[in-house]
Amino acid sequence: MAPFGEGPGPLDPAASLPPPAERGATVIPDRVVARIAAQAARTAQSRRAAIPLGQGKAAAPSASAVIRTGSVRLHLDMDLRYPTDIPHVCERIQHDVAERVAQLTGLEVGEVTLTVRRLLTAADPGRGRVQ
């Protein structure tokens, strides 16, 4: 009798698996990637646009995603504070979201478009509140 761990036997489950290229692929649905992008946009909005998370003044960002052959296109909708350098802030948010989505999903982010729903000013604190 062979000592424990030696000789034939199913001790190494990976030994009986086909090579990784033949095993299949992990599929992440568009809606899951969109939720990841929306959360990343909330974080980026807080960092880049100085809108604190959970503030009642700004609506939470929304996102949509379309995945095709290992690449994803994202679209974001969010509020921004005004005055600010809107093009610069949008560019930084797009970069942050693309980086985070790629990191968490392993997908290449081909495009991130961003629509500013509304601009929030300090002079008009009541606007933008959902009641």
Q) Does any donor atom in the side chain of His75 or Ser64 lie under 3.5 Å from an acceptor atom in the other side chain? A)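 Side chains of His75 and Ser64: no pair found under 3.5 Å.
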Q) Are Arg100 and Gln103 linked by a side-chain donor-acceptor pair shorter than 3.5 Å? A)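 On atom types as modelled, these side chains qualify, holding a pair under 3.5 Å.
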List the atom of [X], the atom of [Y], and the distance in Å for their closest heavy-atom pair.
X      : Y     : value
Arg81  : Ala50 : NE-O, 2.8 Å
Ala65  : Val33 : CB-CG1, 3.9 Å
Gly110 : Ser71 : N-OG, 3.8 Å
Cys90  : Leu80 : SG-CD1, 3.8 Å
Ile93  : Gln45 : CD1-CA, 4.3 Å
Arg117 : Ala59 : NH2-O, 3.3 Å

Applying a strict under-4.5 Å side-chain criterion to I, L, V, M, F, W and Y, I'd like to know whether [X] and [Y] cluster together.
X     : Y      : answer
Val89 : Leu120 : no
Leu76 : Val32  : yes
Ile67 : Val109 : yes

Q) After noting the C-alpha distance and the side-chain angles of Thr105 and Val72, does the key distance pass the side-chain contact (heavy atoms from CB on, under 4.5 Å) rule? A) CA-CA 10 Å; Thr105 65; Val72 63; 5.7 Å; no
Measuring from [X]:[atom1] to [Y]:[atom2], what's the distance to the nearest 0.5 Å?
X     : Y      : atom1 : atom2 : answer
Glu99 : Leu104 : CD    : CG    : 10.5 Å
Arg92 : Asp85  : CZ    : CG    : 12.0 Å
His88 : Arg48  : NE2   : CZ    : 7.0 Å
Asp77 : Thr115 : CG    : OG1   : 5.0 Å
Asp96 : Thr43  : CG    : OG1   : 9.5 Å
Asp30 : Arg73  : CG    : CZ    : 10.0 Å

Q: Could you tell me whether the side chain of Gln94 reaches within less than 4.5 Å of the side chain of Leu74, counting heavy atoms only?
A: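 With C-beta onward as the side chain, the pair stays apart.
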Q) Are Leu119 and Ile86 side-chain neighbours, meaning at least one heavy-atom pair lies under 4.5 Å? A)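 Answer yes - side chains close enough.
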